[in-house]
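Presented below is the structure to which this report refers.
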Amino acid sequence: GAVVSQHPSWVICKSGTSVKIECRSLDFQATTMFWYRQFPKQSLMLMATSNEGSKATYEQGVEKDKFLINHASLTLSTLTVTSAHPEDSSFYICSARVTSYRDRGSYGYTFGSGTRLTVV
Amino acid sequence: GQSLEQPSEVTAVEGAIVQINCTYQTSGFYGLSWYQQHDGGAPTFLSYNALDGLEETGRFSSFLSRSDSYGYLLLQELQMKDSASYFCADFSNTGKLIFGQGTTLQVKP
């Protein structure tokens, strides 16, 4: 099945530094990648949509200068948290949309394994 | 905007049946998906309803009523490993997947 590989799985960084998170689609081409953030005991909140070869689309309230997204190829999308602060500590997860093989042609989304970011 | 409402918590015993409801208000609705997420893990796809009616996948079934903007996930023969968070999600024509607030299911022995 379609697999998205996300790295790193966890990272601890100092306040003020930047952290890059990578998501690679291993056996399919992901023209679109979705980036989510999840705080403890809360839902996944969509941050932005990255499209290969074009600028990312950010959801309302998400600072595009703080969360830099690059989707330079059909298999790689990156999220960089710039000048990270403790309030950015969260679980970040990427997702790509794939076509399943179910008889009704339903669509599913495959997720990376997530990155636990802790800013100290 | 889009919103999906679910109960925050549900508790049931092993072997029982539990139903997790989801009501939604969205534009450009295509279908309702259900995902399971264990603590610290990624969401895993459970089921998808594009049409009204019941979809059955093993112990899990999902139902959709477009006229009522309502769906549910039915879990049968509950096992301890089913303790997790369950999210309904709206797959809309924008291509985005928007999640409900999630329901934490606790299965007790």
Side-chain angles (χ1 to χ4, degrees), chain A residues 1-7 9-10 21 23 30-52 56-62 90-118, chain B residues 1-9 20 22 24 26 28-58 62 64 71 84-106:
Chain A
V3 175
V4 171
S5 175
Q6 183 171 349
H7 293 280
S9 54
W10 61 269
I21 301 169
C23 278
T31 54
T32 301
M33 195 77 80
F34 302 95
W35 287 93
Y36 293 86
R37 178 169 54 182
Q38 185 178 33
F39 292 108
K41 305 296 183 186
Q42 294 188 23
S43 186
L44 292 91
M45 299 302 296
L46 181 65
M47 299 174 65
T49 303
S50 76
N51 297 290
E52 187 267 336
T57 305
Y58 291 82
E59 295 300 304
Q60 194 171 8
V62 177
S90 188
F91 187 61
Y92 293 86
I93 191 163
C94 59
S95 174
R97 178 177 160 181
V98 294
T99 306
S100 77
Y101 297 97
R102 298 180 63 174
D103 54 5
R104 290 191 176 186
S106 59
Y107 287 77
Y109 291 74
T110 186
F111 288 82
S113 54
T115 298
R116 176 78 56 194
L117 170 64
T118 303
Chain B
Q2 294 169 295
S3 69
L4 299 98
E5 306 247 342
Q6 305 175 234
S8 57
E9 290 181 3
I20 299 173
C22 175
Y24 60 87
T26 62
F29 179 80
Y30 265 40
L32 197 67
S33 300
W34 288 93
Y35 287 81
Q36 178 192 62
Q37 186 184 31
H38 285 98
D39 265 352
T44 54
F45 174 74
L46 292 178
S47 188
Y48 171 69
N49 292 73
L51 305 175
D52 283 2
L54 193 68
E55 282 273 349
E56 296 182 71
T57 311
S62 59
L64 176 66
S85 293
Y86 292 84
F87 296 90
C88 58
D90 170 25
F91 163 54
S92 71
N93 61 0
T94 64
K96 300 176 186 178
L97 192 62
I98 306 299
F99 289 86
Q101 291 306 303
T103 299
T104 300
L105 170 64
Q106 187 178 12

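Chain A is the first sequence line, chain B the second, and so forth, proteins listed ahead of strands; every chain is numbered from 1.
- For A/L44, the parts sitting under 4.5 Å from any heavy atom of chain B are the backbone and the side chain alike.
- At a 4.5 Å heavy-atom cutoff, the contact between A/Q38 and chain B is made by side-chain atoms alone.
- Only the side chain of B/F87 comes within contact range of chain A, with heavy atoms under 4.5 Å apart.
- Neither the backbone nor the side chain of A/Q60 comes within less than 4.5 Å of any heavy atom in chain B.
- Closest non-hydrogen pair, A/S113 versus B/A42, comes out as CA-CB, 4.1 Å.
- Taking the six-membered ring for Trp and the full ring otherwise, A/Y109 and B/Y35 have centroids separated by 6.0 Å or more.
- For B/Q37 against A/F91, the heavy-atom pair with the smallest separation is NE2-CE2, 4.1 Å.
- Residue pairs that meet the side chain to side chain donor-acceptor pair (under 3.5 Å) test with at least one member in residues 40-49 of chain A, sequence neighbours left out, do not exist here.
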